[in-house]
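We count ligands from 1, going down the list as the structure has it; atoms in each ligand are counted the same way. Basis for what follows: all heavy atoms, side chains included, without hydrogens, waters or symmetry-related copies.
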Amino acid sequence: MSTEKSLPVHAPMGQFATDGDELIVGGLPLTRLAERVGKTPFYAYDRGVIRKRVSALRAALPEQVKLHYAMKANPMPAVVGFMVGQVDGIDVASGGELKVALDAGAPIGEVSFAGPGKRSEELRQAVAAGVLINVESFREVSELARCSEEVGVPARVAARVNPDFELKGSGMRMGGGPKQFGVDAEEVPALLREIGKHGLAFEGFHLFAGSQNLKAEAICEAQQKSFDLAVRLADAAPCSPRVINLGGGFGIPYFPGDLPLNLAPIGDNLAHLVERARHAFPKADLVIELGRYLVGEAGVYVARVVDRKVSRGQVFLVVDGGLNHHLSASGNFGQVLRKNYPAAIGNRMATLDTESASVVGPLCTPLDLLADRMVLPMAEVGDLFVLFQSGAYGATASPQRFLGHPEVLEVLVG
Ligand SMILES: *Cc1c(COP(=O)(O)O)cnc(C)c1O
């Protein structure tokens, strides 16, 4: 087959070993893991890969910085349970996530709840649970005042600030300019007065500028500016902050040309901020909250080839799951231009005979494309197609009911 129409190749994904033709996931050859799981498609998340990522982060960042897991990246209860033992706290974004975090034994003092449009019952649950609520509007403050009175404990709150700057080079902007997240920095002094007036337990600030950033300098700049902003806003606070949450935004490489994030300058920058915090906020902890960076590289999506077709010279491998399970790999979750995720045929890792193939799911839409003209080992029906970098924003960020195919399985392995 011709490969001249193929699109660029990815850097090799080093987090999973191979043994001959088999990719090793969670200590098992993929074919055997698929037998163990019992059916395809499935996501497998590898504890060992997550553990390594957390240790690398801890080694690079000052020990005073607390590490939180933003569980919307991967809310599988077993993953959240495992993360509770790996990180210092869990960030939730709904009442549903709050339940999973509490079930998993997350330490109440280090659970925080962010997100626009928190419903009254979610706010009440959070007050009763005693977790920190990142308030994102004036309405939330008055609702929380009422909840506090009715539940009988003052709500623990931090002000989520929509900063007056943006995170440069970020895949998804979550702050700066007009946004539905947080309260505009210029209105935060008034918000803090309301928090004080109602006697809520003010604990600090939460700033989150954006997601999926691979540029260390941009992340450092955002963290520095966030810290400066917290210093400016703290004058109007009812008491000295106990927590400054600088958000996350650490990206992982997905596409040809992407390079892994360089942690060293981020560690240096945070060490500098820890030093400044000792003077500016003697009672406060610095927190970073990461989702994708902690779990994204630890996951693979595995689908079985159910058909192999050639249409006017182009090979199509049709697999048993697609955008219904893995919306982001299809390019329809926030990407501007569709690019291929790193992929492999997980039971032909050593096969040298390659071809250009497009891998598609079973849905009746041309959007259901998992790999566009990629160089892959020649695959047959029954083979296992693998998408790497699939541990974050996968199963729960996909329209699983679309077209009524079976839901995807998830396993935590290793
Ligand atoms: C989604 C989210 C995160 C995690 O973002 P990642 O890019 O996955 O690290 C952190 N904080 C808040 C408030 C979020 O909404």
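Annotation for ligand 1: atoms under 4.0 Å from non-hydrogen atoms of R292 are 6 (P), 8 (O), 9 (O). Close contacts of ligand 1 with K72, meaning ligand atoms under 4.0 Å from a residue heavy atom, involve 1 (C), 2 (C), 3 (C), 14 (C), 15 (O). If you number the atoms of ligand 1 from 1 as listed, the ones under 4.0 Å from a heavy atom of L290 come out as 9 (O). Remark: ligand 1 atoms within the under-4.0 Å shell around heavy atoms of G291 are 4 (C), 6 (P), 8 (O), 9 (O). Heavy-atom proximity to H206, at under 4.0 Å, picks out these atoms of ligand 1: 13 (C). When each atom of ligand 1 is checked for a heavy atom of S211 under 4.0 Å away, the hits are 6 (P), 7 (O).
R276 forms no cation-pi arrangement with F227, by the criterion of a distance under 6.0 Å to the ring centre and an angle within 45° of the ring axis.
Using a 4.0 Å cut-off between heavy atoms, A70 contacts ligand 1 through its side chain alone, with no backbone atom that close. Heavy atoms of Y393 found under 4.0 angstrom from ligand 1 belong exclusively to the side chain.
There is a side-chain donor-acceptor pair under 3.5 Å between N340 and R338.
Between P163 and V161, the shortest heavy-atom contact is CD-O, 3.1 Å.
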### Task
Applying ring-ring contact (aromatic ring centres under 6.0 Å, His included), run through H325 and Y43 and close with a yes or a no.
CA-CA 9 Å; H325 299 155; Y43 280 95; 7.5 Å; no

#### Entry: D228/R232 under salt bridge (charged side-chain N to carboxylate O under 4.0 Å, His left out): CA gap, chis, key distance, verdict
CA-CA 6 Å; D228 292 342; R232 268 185 281 137; over 6 Å; no

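In this structure a side-chain-to-backbone donor-acceptor pair under 3.5 Å is present from S94 to G96.
Under a 4.0 angstrom heavy-atom cut-off, F208 registers as being in contact with ligand 1.
Under the side chain to side chain donor-acceptor pair (under 3.5 Å) criterion, R278 pairs with E275, not counting sequence neighbours.
On a distance-only criterion, A73 and ligand 1 share no N/O pair closer than 3.5 Å.
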